[in-house]
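What follows is a set of notes on a single structure, which appears directly below.
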Number of protein chains: 2
Amino acid sequence: MILSLMEQYSEQLNGIFQALADPTRRAVLARLGAGPASISDLAKPFDMALPSFMKHIHFLEGSGLIHTRKQGRVRTCVIEKKQFAAVEAWLSAQRALWEGRTDRLEQFVAKAQAKGDSQ
Amino acid sequence: MILSLMEQYSEQLNGIFQALADPTRRAVLARLGAGPASISDLAKPFDMALPSFMKHIHFLEGSGLIHTRKQGRVRTCVIEKKQFAAVEAWLSAQRALWEGRTDRLEQFVAKAQAKGDSQ
DNA sequence: GCATCACTTAGCTCTTGCGCTAAGTATTGC
DNA sequence: GCAATACTTAGCGCAAGAGCTAAGTGATGC
């Protein structure tokens, strides 16, 4: 069960990093950092059809980096700060490996990744 | 020229986050955190054909997260710690926006992303 | 109550990502 | 010098990502 926990963690990271790999999505996150906004407000700066833009919003929501709520005909997007902790955690684990501080959890993470984590 | 600098930074982030979005590649980085290794050593834990694995190595090298050097018939891979700073920088900029500390650079980054950064 | 607005769904393209096999090249070891 | 080792190149197949248009749905405003 700790293994399935690691797998969940890994798939979560897949989604988060994938979400962050697109400049449109990073820009949306930057904008939402300043506070909630509606889809059309968010879409305005981009030279992109709305359905295309919506896919980015769905991707961000799927990865947990934002959540949205529809009231009337307007959907409002809010950043999900907690989700960024997963990235920070991965970065610290990585740094810990460099520093040779391979305590039990970090060893576990490294080994799990090397063995069963792929695909 | 500061604009083209931001564009470079953005494309760099695209590559880095994309590289980190794959569990095989994260596992390779975790392994390399403990020290340099050859391609075949790195490939061993994975149930994957060597050319497939090589693509991951090339991707990592292309994103700057590792560099490699061939001596004789063996190619040795080394982690490039500096490159992780770009991720940290992005995370801090993001956090800074949450905290309302939108000083000049961060405002610039946010606006550049919202306007011209996409695609 | 009819038009407008703010999405939403459906379905199409094109490119890229991630895996494979087969065959090639360049070192190294006996 | 011949075989084995350690990649490397070439090329294929399938799935997913990122864009588009066209048409649909459900609230809001006059």
Side-chain angles (χ1 to χ4, degrees), chain A residues 10-29 31-32 36-78 113 116-119, chain B residues 10-29 31-32 36-63 65-78 113-114 116-119:
Chain A
S10 179
E11 290 187 11
Q12 197 190 12
L13 283 179
N14 294 351
I16 292 173
F17 281 129
Q18 185 78 44
L20 298 182
D22 184 280
T24 299
R25 291 192 290 258
R26 285 198 306 276
V28 167
L29 290 175
R31 165 64 191 80
L32 288 179
S38 73
I39 300 277
S40 24
D41 278 358
L42 288 172
K44 260 171 210 155
F46 301 100
D47 185 20
M48 191 183 292
L50 195 60
S52 311
F53 184 77
M54 287 294 297
K55 286 196 184 175
H56 290 297
I57 298 294
H58 287 138
F59 205 130
L60 284 169
E61 193 166 19
S63 71
L65 287 166
I66 68 170
H67 69 92
T68 74
R69 177 169 191 78
K70 193 163 187 177
Q71 299 182 42
R73 61 185 171 182
V74 176
R75 181 172 295 277
T76 303
C77 305
V78 185
Q113 286 188 330
D117 191 33
S118 65
Q119 195 178 160
Chain B
S10 179
E11 289 187 12
Q12 196 190 15
L13 283 178
N14 293 351
I16 292 173
F17 281 129
Q18 183 78 43
L20 298 181
D22 184 279
T24 299
R25 291 193 288 258
R26 286 199 305 276
V28 167
L29 290 174
R31 167 62 191 81
L32 289 179
S38 71
I39 301 277
S40 24
D41 278 359
L42 288 172
K44 258 170 208 156
F46 301 100
D47 187 20
M48 190 183 292
L50 195 59
S52 311
F53 184 76
M54 287 293 297
K55 287 195 184 176
H56 289 297
I57 298 295
H58 287 139
F59 205 131
L60 284 169
E61 193 167 18
S63 71
L65 287 165
I66 67 170
H67 68 92
T68 73
R69 178 170 190 76
K70 193 164 187 176
Q71 300 182 39
R73 63 186 172 185
V74 177
R75 181 173 294 277
T76 303
C77 305
V78 185
Q113 286 188 329
D117 192 34
S118 65
Q119 197 178 157

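The chains referred to below are lettered A, B, ... by the order of the sequence lines, with proteins before strands, and numbering in each begins at 1.
Within the 4.0 Å cut-off from OP1 or OP2 of C/dC20, at least one side-chain nitrogen or oxygen of B/S52 is found. One finds no side-chain N or O of B/H56 lying less than 4.0 angstrom from the OP1 or OP2 phosphate oxygen of C/dG17.
For the residue pair A/P23 and B/S10, the shortest heavy atom distance occurs at CB-OG, 3.8 Å. Contact between B/A37 and B/L32 at its shortest, heavy atoms only, is N-CD2, 3.8 Å. Scanning all heavy atoms of the two residues, the minimum distance from B/T76 to B/P36 falls at CG2-CB, 3.9 Å.
For the side chain to side chain contact (heavy atoms under 4.5 Å, CB included) with A/F17, the lone residue among B/R25, B/R26, B/Q18 that qualifies is B/R26.
For B/K55 against C/dG19, a side-chain-to-base donor-acceptor contact under 3.5 Å is present.
Taking 4.5 Å as the limit, some side-chain heavy atom of A/D41 sits within range of a side-chain heavy atom of A/K44. The shortest side-chain heavy-atom distance between B/I39 and B/L50 falls under the 4.5 Å cut-off. Side-chain contact between B/L29 and B/L20: present, with at least one pair of heavy atoms (C-beta onward) separated by less than 4.5 Å.
Residue pairs meeting the ring-ring contact (aromatic ring centres under 6.0 Å, His included) criterion with at least one member in residues 54-73 of chain A: none, sequence neighbours excluded.
Atom CG of B/L42 and atom SG of B/C77 lie 5.0 Å apart (nearest 0.5 Å).
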(request) For nucleotides 3-10 of chain C, just jot down a letter per nucleotide in 5' to 3' order: B, S or -, based on protein non-hydrogen atoms under 4.0 Å. (result) -BBSBBB-

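Annotation: of the two residues near DNA chain D, A/Q71 and A/A21, the 5′-most nearest-nucleotide partner is A/A21.
Relative to the axis of its first five pairs, the axis of the last five pairs of the helix from C/dG1-D/dC30 to C/dC30-D/dG1 sits at 20°, rounded to 10 degrees.
Atom CG of B/N14 is separated from atom C1' of C/dG17 by 15 Å (rounded to the nearest Å). Following rounding to the nearest Å, B/L42 (CG) and D/dA6 (P) show an atom-to-atom distance of 13 Å. Between the C1' atom of D/dA18 and the CD1 atom of A/I57 lies a distance of 14 Å, rounded to the nearest Å. Between B/E11 atom CD and C/dT16 atom P there is a gap of 13 Å when expressed in whole angstrom units. One interatomic measurement links the two molecules: CD of A/Q18 to P of C/dG17, which rounds to 9 Å at whole-angstrom precision. Put simply, CZ on B/F59 is 12 Å from P on C/dG19, counting in whole angstrom units. When rounded to the nearest whole Å, the span between CZ of A/F46 and P of D/dC20 equals 13 Å. Atom CZ in B/F17 sits roughly 18 Å away from atom P in D/dG17 (whole-Å rounding).
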